[in-house]
Amino acid sequence: MATRRIVEIGDDKLRKHAKPVEKFDRRLQTLLRDMAETMYKAEGVGLAAPQVGILRRAVVIDVGEGRHELVNPEIVEQEGDQYGGEGCLSVPGQYGMVHRPQKLRVRAQDRYGKPFELEAEGYLAVAVCHETDHLDGVLFIDKADRMLDPEELEETE
Ligand code: GNR
Ligand code: NI
């Protein structure tokens, strides 16, 4: 197992459109495993491949109810609205208020290439949106309508 270095804001890789995963091979398994380890070590609730410098469409998410691996994720339905504080491991020390759908359905492939759908609500829906945005070079600071002081963040949780 290995952790990887998390790319921070200012690096071009965070602003590129990631390419679809085409090969569901050993390298992908290693990448997903390293991403999970890196996420847990950094105490994040999600991590997208571009954050470890790999421009491919793969994300891992764990908001505290088990890990999800989404390869080539596409949000196919969304409804409602929620508004909450967000941060990002690639944007250290900054927090902002972002609108996200309350509920969504995401279509993705698993690590073997098998398609599946996941329904997400609440915080899991936030994490899915935040991570899929990373695959398109979008950061939460682009969508935040107000940045927060760290003390204010606690009030939104
Ligand atoms: O760890 C993270 N916390 C978080 C909090 C609120 C909304 C989104 C997130 S994702 C972030 C990890 C990260 O940067 N993933 O890309
Ligand atoms: Ni992030």
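Note that the coordinates shown come from a computational prediction; the quantities given were computed from them, not determined experimentally. Whatever order the structure lists them in is the order used to number ligands and atoms, beginning at 1.
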Visitor: Could you check whether any side-chain N or O of R107 sits under 3.5 Å from a backbone N or O of E117, counting only pairs where one atom can act as donor and the other as acceptor?
Guide: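 No.
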Visitor: Are I6 and I9 co-members of a hydrophobic cluster defined by side-chain heavy atoms under 4.5 Å apart?
Guide: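 I9 and I6: separate clusters.
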Visitor: Check for a donor-acceptor pair, side chain of E79 on one end and backbone N or O of K103 on the other, with a separation under 3.5 Å.
Guide: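 Side chain of E79 to backbone of K103, a donor-acceptor pair under 3.5 Å: no, none is there.
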Visitor: Donor-acceptor pair, distance only, cut-off 3.5 Å: does the side chain of Q51 make one with the backbone of V7?
Guide: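 Flag not set: sc Q51 to bb V7 has no pair under 3.5 Å.
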Visitor: Does ligand 1 have any N/O pairs with the protein under 3.5 Å, and how far apart?
Guide:
unit_1: ligand 1; atom_1: 1 (O); unit_2: V45; atom_2: N; d: 3.1
unit_1: ligand 1; atom_1: 14 (O); unit_2: Q51; atom_2: NE2; d: 3.4
unit_1: ligand 1; atom_1: 14 (O); unit_2: L89; atom_2: N; d: 2.8
unit_1: ligand 1; atom_1: 14 (O); unit_2: H130; atom_2: NE2; d: 3.4
unit_1: ligand 1; atom_1: 15 (N); unit_2: G46; atom_2: O; d: 3.1
unit_1: ligand 1; atom_1: 15 (N); unit_2: E131; atom_2: OE1; d: 3.3
unit_1: ligand 1; atom_1: 15 (N); unit_2: E131; atom_2: OE2; d: 2.7
unit_1: ligand 1; atom_1: 16 (O); unit_2: Q51; atom_2: OE1; d: 2.7
unit_1: ligand 1; atom_1: 16 (O); unit_2: Q51; atom_2: NE2; d: 3.3
unit_1: ligand 1; atom_1: 16 (O); unit_2: H130; atom_2: NE2; d: 3.2
unit_1: ligand 1; atom_1: 16 (O); unit_2: E131; atom_2: OE1; d: 2.8
unit_1: ligand 1; atom_1: 16 (O); unit_2: E131; atom_2: OE2; d: 3.0
unit_1: ligand 1; atom_1: 16 (O); unit_2: H134; atom_2: NE2; d: 2.9

Visitor: Is there a donor-acceptor pair under 3.5 Å between the side chain of R56 and the backbone N or O of A18?
Guide: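 No; judged by distance alone, with no hydrogens or angles, the pair does not exist.
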Visitor: Round to 10° and report the angle made at the Ni ion (ligand 2) by SG of C88 and NE2 of H130.
Guide: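 An angle of 110° at the metal.
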Visitor: Does Q29 use its side chain to pair, donor to acceptor, with the backbone of D25 at less than 3.5 Å?
Guide: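 Answer holds: yes.
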